Each structure stands twice: as structure tokens, then as C-alpha cells.
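Sequence positions, counted from 1, serve as the residue numbers for this chain. Quick caveat: nothing in here was measured; it's all calculated off a predicted structure.
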Amino acid sequence: MDRVTLEPPWRGHGLAAVLACEAITRLMAGCRAVACSPGITDLSSQRLTDKAEWDRVNARIAHGWERLGFRPYRDNVYLLSPASQDLEEQRGALRRHLADLGASWRTDAS
């Protein structure tokens, strides 16, 4: 994967972590390591003009990757070992979170 972007209405619900975890699990067969550089890729947004807000959002994104088992390597590069159990443990929790989100959205739509 090169880049993943969620449309604004879908952001802030924890979907990025769920989808990233599923994609990584499917794509990492045979890999020795998975690398990412967490941060904002959608530079068209005008709401992140304040450096403090930019840093806060980037830190939140990095924290999400760390929850999946990625560890800081250097220069904003994070690595995940496919042998790590962190990703698989988080996958179960994230799937439950997705099911809960789906249930709440169905309830809200009723």
C-alpha cells in the first residue's frame, strides 16, 4: 500500500486502524518486516494550518500505528515484525470495535 485516505465523514471512528490491520494481515505473508511512515497525507485540508494541531494529529496517527504493534525505527519510520503477536491481538479487538460501530450505526439509522 502506498497511501490510504478515508473520506472526512468516515474519519474519527477508528476505521483506519481496523482497515489497516486487515490489509496488513492479508499482504504480509512472506514479509520480513512491514514499514510505515505515519502522518497526514491529505494536504488539501485547510483545518491543519496551526503547527500545534498538525503535530497533535500526526502524534495521534503514530499512536494508532503503535497500537497495531509498529515500533519507532528512525526518521518517522515505524516497523512491524510479522512474527509479533501484537497485530493479531489487536486484530480481534479491532474487529469487535468494528462490529460495535456497525451496530451503533444501524441503531442510529433506525
Side-chain angles (χ1 to χ4, degrees):
M1 282 188 302
D2 178 32
R3 180 185 340 197
V4 176
T5 303
L6 285 174
E7 292 296 320
W10 294 100
R11 296 177 189 167
H13 301 286
L15 292 174
V18 174
L19 298 173
C21 185
E22 291 299 325
I24 290 166
T25 301
R26 287 183 172 94
L27 295 172
M28 77 177 184
C31 291
R32 293 178 185 247
V34 180
C36 75
S37 181
I40 301 165
T41 57
D42 181 6
L43 302 178
S44 65
S45 172
Q46 298 301 315
R47 92 182 165 87
L48 295 176
T49 55
D50 179 343
K51 178 160 175 27
E53 180 66 2
W54 179 273
D55 291 342
R56 185 193 69 76
V57 171
N58 275 327
R60 186 171 175 200
I61 293 168
H63 177 71
W65 287 108
E66 288 174 349
R67 282 186 45 219
L68 293 179
F70 282 85
R71 298 296 171 246
Y73 176 62
R74 67 174 170 212
D75 299 330
N76 198 43
V77 173
Y78 286 64
L79 295 177
L80 170 71
S81 168
S84 169
Q85 287 300 308
D86 291 340
L87 183 67
E88 196 55 39
E89 290 171 7
Q90 281 298 319
R91 189 176 183 203
L94 289 168
R95 283 182 166 184
R96 286 188 295 279
H97 174 68
L98 182 61
D100 292 345
L101 277 174
S104 71
W105 287 337
R106 276 193 300 275
T107 303
D108 291 345
S110 300

What distance do Leu68 atom CG and His63 atom NE2 have between them, rounded to the nearest 0.5 Å?
-> 10.0 Å
At what distance, to the nearest 0.5 angstrom, does CG of Leu79 lie from CZ of Arg74?
-> 9.5 Å
What distance do Ser37 atom OG and Tyr73 atom OH have between them, rounded to the nearest 0.5 Å?
-> 13.5 Å
How far does CZ of Arg26 sit from CD1 of Ile24, to the nearest 0.5 angstrom?
-> 12.0 Å
Shortest non-hydrogen contact between Arg95 and Glu22, atoms and distance | NE-OE2, 2.8 Å
First locate atom CD of Glu89, then atom SG of Cys21, and finally report the distance between them rounded to the nearest 0.5 Å.
-> 11.0 Å
List the atom of Tyr78, the atom of Phe70, and the distance in Å for their closest heavy-atom pair.
-> O-CD2, 3.7 Å
What is the minimum heavy-atom distance between Arg32 and Pro82, and which atoms define it?
-> O-CD, 3.2 Å
For Leu94, which of Leu19, Val18, Leu87 qualifies under side chain to side chain contact (heavy atoms under 4.5 Å, CB included)?
-> Val18
Backbone N or O of Glu66 within a donor-acceptor pair of the Arg71 side chain at under 3.5 Å?
-> yes
Same hydrophobic cluster for Val77 and Val34, using side-chain heavy-atom links shorter than 4.5 Å among ILVMFWY?
-> no
Arg60 atom CZ, over 12 foreign heavy atoms within 6.0 Å = no
Without swapping roles, check the side chain of Asn58 against the backbone of Pro38 for a donor-acceptor pair under 3.5 Å.
-> no
Value for CD1 (Ile61) from CZ (Arg56), rounded to nearest 0.5 Å, stands at 9.5 Å
What's the shortest heavy-atom distance between Gln90 and Arg67, and which atoms?
-> CG-O, 2.8 Å
Neighbour count above 12 (heavy atom, 6.0 Å) for Arg91 CZ | yes
